[in-house]
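A short write-up of the structure that comes next.
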Amino acid sequence: MPTDPERLKLGLENLLDDRDYLYRLVSTIDWDAQLEAIRAVLREHRRSADHVSTNIKELEEEARTYRGAYYDHVVDEHVDAMWRSTYSDAAISLSAVGMIVPTIETIFAQAFHALGEKYVTKDILPPDHKRWRRAKEHPERWNVQWYFGKNDGRVDIVSGLPQLCDATGVSAYLGPDDLDWIVALLSYRNRMFHGGFEWSIPQRQTFVALIAERGWDQYFVWSTTNDEPWICYLRDEVIDALPDRVFAILDSLGRFTKALPYELMSDPR
């Protein structure tokens, strides 16, 4: 049972915000500063994109109303601006996912690593789950990069992170679509980092099918060429909400940490 000083400490902790409890697992990272830095960059990108959009509209209006000798030049300028924006918008999507996904990865990776160390140190078994039965004493069993299937383990964060969330009980504290959102971003990040802006046609077709299968139209939008998918983007509203969604996930992880058993989280004697 907790002693009086321990009760006092726990009482004081009840005054903390949800995400502050995560520092009981990982105390060396300033998540707030990271996310605010990302927010500032995304804000600048949005201003730049809005400027490009305004310029395109102005060129479109000029092309619609101009009747002088340089009409063809005015039309070409509008077309060129739209063409360039196709790639600048892709750069914004890549930059956004390139900043936010590593942040998500390190949040979960470091939290689970620290949690695993506590279970091992206290010689306490984690909640029963097929991951632990499959992994047994595998050294990567607490690694979000690893997924453990029926027959073996493999490096696969798209499957491994949700599996580890389920195995630890974190899933119960996340929002209804948080894991789906994370998996969508991971899947998109992997393709953008390895395929650039213009993926191979088979890659495009595969991701189109995946979006349809997983219901991810709310996250992604395509530009087309010859009526076929060409470049895949994160929707503007998805990009704008990235920092807030990660802040909410930090709150969820904080509530999870707060609810962990006292015997697991208490300081060693």
Side-chain angles (χ1 to χ4, degrees), residues 19 22 26 29 31-32 34-46 49 88-112 143-147 154-166 168 170-171 173-199 203-223 229-253 256:
R19 83 181 62 140
L22 186 55
V26 183
I29 305 295
W31 309 114
D32 289 49
Q34 288 192 31
L35 288 169
E36 289 302 338
I38 292 172
R39 190 194 302 278
V41 173
L42 293 178
R43 191 179 296 121
E44 290 302 314
H45 286 175
R46 176 60 54 227
S88 63
D89 288 347
I92 289 173
S93 282
L94 177 56
S95 175
V97 79
M99 289 187 291
I100 212 71
V101 168
T103 303
I104 294 170
E105 283 191 46
T106 193
I107 288 169
F108 282 96
Q110 295 197 44
F112 284 136
N143 188 342
V144 296
Q145 296 280 350
W146 278 69
Y147 171 79
R154 66 179 187 270
V155 175
D156 178 2
I157 190 173
V158 172
S159 301
L161 192 153
Q163 186 187 48
L164 192 47
C165 285
D166 289 343
T168 56
V170 164
S171 296
Y173 291 84
L174 296 173
D177 66 339
D178 279 346
L179 283 176
D180 184 63
W181 176 78
I182 291 170
V183 169
L185 292 184
L186 286 168
S187 301
Y188 180 69
R189 185 278 308 268
N190 292 347
R191 286 166 171 80
M192 287 293 277
F193 272 31
H194 298 292
F197 298 164
E198 297 175 280
W199 308 341
Q203 285 179 315
R204 299 174 202 175
Q205 294 170 341
T206 297
F207 202 59
V208 166
L210 185 60
I211 289 172
E213 175 188 336
R214 299 296 295 265
W216 285 348
D217 287 296
Q218 59 184 314
Y219 307 132
F220 304 109
V221 62
W222 290 87
S223 63
W230 177 26
I231 298 177
C232 187
Y233 309 91
L234 285 173
R235 293 186 179 275
D236 289 348
E237 60 270 24
V238 172
I239 293 175
D240 294 341
L242 290 176
D244 287 337
R245 289 213 61 161
V246 179
F247 272 127
I249 287 171
L250 288 171
D251 287 338
S252 297
L253 289 173
F256 164 78

Once rounded to the nearest 0.5 Å, what's the spacing between atom [atom1] of [X] and atom [atom2] of [Y]?
{"X": "Leu22", "Y": "Trp31", "atom1": "CG", "atom2": "CH2", "answer": "6.5 Å"}
{"X": "Leu174", "Y": "Cys165", "atom1": "CG", "atom2": "SG", "answer": "5.5 Å"}
{"X": "Ser187", "Y": "Phe220", "atom1": "OG", "atom2": "CZ", "answer": "7.0 Å"}
{"X": "Asp236", "Y": "Arg46", "atom1": "CG", "atom2": "CZ", "answer": "4.0 Å"}
{"X": "Ile249", "Y": "Phe256", "atom1": "CD1", "atom2": "CZ", "answer": "14.5 Å"}
{"X": "Asp240", "Y": "Arg39", "atom1": "CG", "atom2": "CZ", "answer": "10.0 Å"}

* Side chain Arg235, main chain Asp217, donor-acceptor under 3.5 Å ->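 At least one qualifying donor-acceptor pair exists.
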
* Asked: Is there side-chain contact between Phe247 and Asp32, with heavy atoms separated by less than 4.5 Å?
  ->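 The answer is yes; the side chains approach within 4.5 Å.
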
* Kindly indicate whether the side chain of Asp180, heavy atoms from C-beta on, has any atom under 4.5 Å from the side chain of Trp216. =>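 Of all side-chain heavy-atom pairs linking Trp216 with Asp180, at least one is under 4.5 Å.
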
Identify the two heavy atoms, one from [X] and one from [Y], that lie closest to each other, and give their separation to 0.1 Å.
{"X": "Gln34", "Y": "Ile29", "answer": "NE2-CG2, 3.2 Å"}
{"X": "Phe207", "Y": "Cys232", "answer": "CE2-SG, 3.9 Å"}
{"X": "Ser171", "Y": "Pro162", "answer": "OG-O, 4.3 Å"}
{"X": "Leu35", "Y": "Pro243", "answer": "O-CB, 4.2 Å"}
{"X": "Asp156", "Y": "Ser159", "answer": "OD2-OG, 3.0 Å"}
{"X": "Ser93", "Y": "Leu234", "answer": "OG-N, 3.0 Å"}

* Asked: Are Arg191 and Thr206 close enough, and set up right, to give a side-chain contact (heavy atoms from CB on, under 4.5 Å), and what steps lead you there?
  -> CA-CA 11 Å; Arg191 286 166 171 80; Thr206 297; 4.1 Å; yes

* So among Tyr233, Tyr188, Trp199, Trp230, which one has a ring-ring contact (aromatic ring centres under 6.0 Å, His included) with Trp222? ->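 Among Tyr233, Tyr188, Trp199, Trp230, the one meeting ring-ring contact (aromatic ring centres under 6.0 Å, His included) with Trp222 is Trp199.
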
* Asked: Glu198 and Ile231: side-chain contact (heavy atoms from CB on, under 4.5 Å), yes or no, with the steps?
  -> CA-CA 6 Å; Glu198 297 175 280; Ile231 298 177; 4.2 Å; yes

* Asked: Distance under 6.0 Å and angle within 45° of the ring axis: does Arg245 meet both against Trp181?
  ->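 Checked: cation-pi criterion met.
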
* To do: Test side-chain contact (heavy atoms from CB on, under 4.5 Å) on Val246 and Ile38 and set out the steps.
  => CA-CA 11 Å; Val246 179; Ile38 292 172; over 6 Å; no

Could you list the donor-acceptor pairs under 3.5 angstrom formed between side-chain atoms of residues 94-109 and any protein atom two or more places apart in sequence or on another chain?
| from | atom 1 | to | atom 2 | distance (Å) |
| --- | --- | --- | --- | --- |
| Thr103 | OG1 | Met99 | O | 2.9 |
| Glu105 | OE1 | Gln145 | NE2 | 3.0 |
| Glu105 | OE2 | Arg189 | NH1 | 2.8 |
| Glu105 | OE2 | Arg189 | NH2 | 2.7 |
| Thr106 | OG1 | Gln110 | NE2 | 2.7 |

